[in-house]
Asker: 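I am attaching a structure below and will ask some questions about it afterwards.
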Amino acid sequence: MTRIRVALVDDQALFRAGIRMLIESQPDLEFVGEAGDGEAGVELAASAAPDVMLMDIRMPLLDGIAATEAIIAAGAPSPRVLVLTTFDLDESAARAIRAGASGFVLKDADPEFLLAAIRTVHAGNAVIAASATRELLEHFAASRAQPDAPASFATLTPREGEIFLLAAKGLSNTEIAAREFLSEATVKTHISRILGKLGLRDRVQLVVFAFEHNLVD
């Protein structure tokens with residue numbers, strides 16, 4: 001079994017120790033390194049090549065948002081970034097998502113939730129189901145809404161448009177498949193095409209895109 005390689009960037013040594021122990025307790029996960037600030041986190045991403053990187057937002061030298069931007073900008077293969085935040089409605093978390101993060105998790109979340117989030121983003125999905133995340137995105141979009149969708153949105157087929165709206169509302173592939181009478185494999189193919197046409201990295205950015213352009217209620 002190929003284990004998921006996980007790295008952690010956080011400026012609190014005690015928190016890092018706890019997360020490291022949690023990750024190392026899982027047979028399908030491998031802890032490949034940690035860093036205490038954003039600059040070291042960017043270096044860690046390049047040297048350790050993790051599959052998933054847990055990223056704190058508020059750190060010295062370089063914050064988690066700038067570090068995420070640098071990691072994603074470095075090009076493929078880049079890790080999936082899962083932001084760690086203290087507050088439910090933190091606009092910084094939305095900014096990190098815009099920078100390329102695949103979701104966010106509260107620092108005081110249950111360990112099992114954090115582990116599930118790691119596996120979820122590694123599988124290519126995004127951690128967007130929590131109501132706090134939707135509230136955050138709505139808050140973020142309300143202050144920066146762009147009423148007109150870009151020309152790329154018009155390139156979606158009618159079926160792709162339907163699936164886009166369902167995904168933007170947080171429905172899973174299984175739920176979309178049931179709603180649209182399609183196989184999950186077909187839904188996954190549609191989602192990949194939608195992301196490609198819109199130039200989006202994953203489903204979290206799809207949700208942000210939808211809220212920014214007032215495409216969902």
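In this text, all values refer to a predicted model and were calculated from it rather than measured experimentally.
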Asker: Indicate the atoms forming the closest heavy-atom contact of Pro50 with Ala45, along with that distance.
Answerer: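 For Pro50 and Ala45, the tightest heavy-atom pair comes out as CD-O, 3.6 Å.
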Asker: What pairs of residues pass the side chain to side chain donor-acceptor pair (under 3.5 Å) test when at least one of them lies in residues 7-16, not counting sequence neighbours?
Answerer: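 Found Asp10-Lys107, Arg16-Glu34.
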Asker: Going by side-chain contact (heavy atoms from CB on, under 4.5 Å), Val6 matches just one of Leu54, Val32, Ile19. Which one?
Answerer: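 Single pass found, and it is Leu54.
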Asker: Any chance you could measure Met21, atom CE, to Glu24, atom CD, to the nearest 0.5 Å?
Answerer: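 Answer for the CE-CD pair, Met21 versus Glu24, is 8.5 Å.
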Asker: Kindly compute the distance separating CG (Leu84) from CZ (Arg58), expressed to the nearest 0.5 Å.
Answerer: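 Going from the CG atom of Leu84 to the CZ atom of Arg58 covers 12.0 Å.
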Asker: Got Asp51 and Pro79 here, is their nearest side-chain heavy-atom distance under 4.5 Å?
Answerer: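 When only atoms from C-beta onward are counted, Pro79 and Asp51 do not touch, as no gap falls below 4.5 Å.
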Asker: Rounded at 0.5 Å granularity, tell me how far CD1 in Ile72 sits from OG in Ser78.
Answerer: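 Between atom CD1 of Ile72 and atom OG of Ser78 there are 4.0 Å.
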Asker: Any non-hydrogen side-chain atom of Ile163 less than 4.5 Å from a side-chain atom of Leu182?
Answerer: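 Ile163 reaches Leu182 side chain to side chain.
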Asker: Determine whether His213 and Pro150 make a side-chain contact, defined as any pair of heavy atoms from C-beta on separated by less than 4.5 Å.
Answerer: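 Side-chain contact under 4.5 Å: yes.
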Asker: Please say which of Ile118, Val52, Leu22 ends up in a side-chain contact (heavy atoms from CB on, under 4.5 Å) with Leu29.
Answerer: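 Answer to the side-chain contact (heavy atoms from CB on, under 4.5 Å) test with Leu29 among Ile118, Val52, Leu22: Ile118.
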Asker: Could you tell me which non-hydrogen atom of Gly41 sits nearest to which non-hydrogen atom of Val9, and how far apart they are?
Answerer: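 Closest heavy-atom pair between Gly41 and Val9: CA-CG2, 3.8 Å.
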Asker: Sequence neighbours left out, what passes salt bridge (Lys or Arg N to Asp or Glu O under 4.0 Å) with Glu184? Give chain and number order.
Answerer: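 Glu184 satisfies salt bridge (Lys or Arg N to Asp or Glu O under 4.0 Å) with no residue once adjacent residues are dropped.
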Asker: Using 4.0 Å as the upper bound for N to carboxylate O, is an ion pair formed by Arg119 and Asp28?
Answerer: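 A salt bridge links Asp28 with Arg119.
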Asker: Can you establish whether the number of heavy atoms outside Lys188 located under 6.0 Å from its atom NZ is more than 12?
Answerer: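 Count not over threshold, so no.
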Asker: Go through Phe15 and Asp56 one step at a time and tell me if the side-chain contact (heavy atoms from CB on, under 4.5 Å) criterion holds.
Answerer: CA-CA 11 Å; Phe15 181 79; Asp56 190 19; over 6 Å; no
Asker: Nearest heavy-atom pair of Ile71 and Val42: which atoms, and what distance?
Answerer: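 Smallest interatomic distance, heavy atoms only, reads CG1-CA, 4.1 Å.
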Asker: side-chain contact (heavy atoms from CB on, under 4.5 Å), that's the test. Do Ile57 and Val83 meet it? Break it down for me.
Answerer: CA-CA 7 Å; Ile57 289 180; Val83 171; 3.4 Å; yes
Asker: To the nearest 0.5 Å, what is the distance between CZ (Phe209) and OG (Ser152)?
Answerer: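 Rounded to the nearest 0.5 Å, the CZ-OG separation comes to 5.0 Å.
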Asker: What's the separation between atom CD1 in Ile23 and atom CG in Leu8, rounded to the nearest 0.5 Å?
Answerer: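 It is 8.0 Å, given to the nearest 0.5 Å.
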Asker: Hey, is the main chain of Ala101 close enough, under 3.5 Å, to the side chain of Arg80 for a donor-acceptor pair?
Answerer: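 Between the backbone of Ala101 and the side chain of Arg80 there is no qualifying donor-acceptor contact (under 3.5 Å).
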Asker: Determine, for Glu180 against Arg159, whether the closest basic-nitrogen to carboxylate-oxygen distance falls under 4.0 angstrom.
Answerer: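 Yes.
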Asker: For Ala40, does its backbone N or O pair with a side-chain atom of Asp37 as donor and acceptor, under 3.5 Å?
Answerer: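 Answer holds: yes.
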Asker: Walk me through whether Thr189 and Thr186 qualify under side-chain hydrogen bond (donor to acceptor under 3.5 Å, both in side chains).
Answerer: CA-CA 5 Å; Thr189 298; Thr186 299; over 6 Å; no
Asker: Indicate the atoms forming the closest heavy-atom contact of Ala167 with Ile191, along with that distance.
Answerer: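 Answer, listing the atom of Ala167 first, then Ile191: CB-CD1, 3.9 Å.
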Asker: Quick one: does Leu215's side chain get under 4.5 Å of Phe164's, heavy atoms only?
Answerer: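 In contact.
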Asker: Take Thr157 and Arg193 through the test side-chain contact (heavy atoms from CB on, under 4.5 Å) and record every step on the way to the result.
Answerer: CA-CA 10 Å; Thr157 67; Arg193 288 174 179 167; over 6 Å; no
Asker: Quick one: CE on Met53 to CG on Leu82, what's the gap to the nearest 0.5 Å?
Answerer: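 Reported value, rounded in 0.5 Å steps: 12.0 Å.
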Asker: side-chain contact (heavy atoms from CB on, under 4.5 Å), that's the test. Do Leu156 and Lys197 meet it? Break it down for me.
Answerer: CA-CA 7 Å; Leu156 300 185; Lys197 287 183 177 181; 3.8 Å; yes
Asker: Taking side chain as C-beta onward, heavy atoms only, is Leu206 less than 4.5 Å from Ile194?
Answerer: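 With C-beta onward as the side chain, the pair touches.
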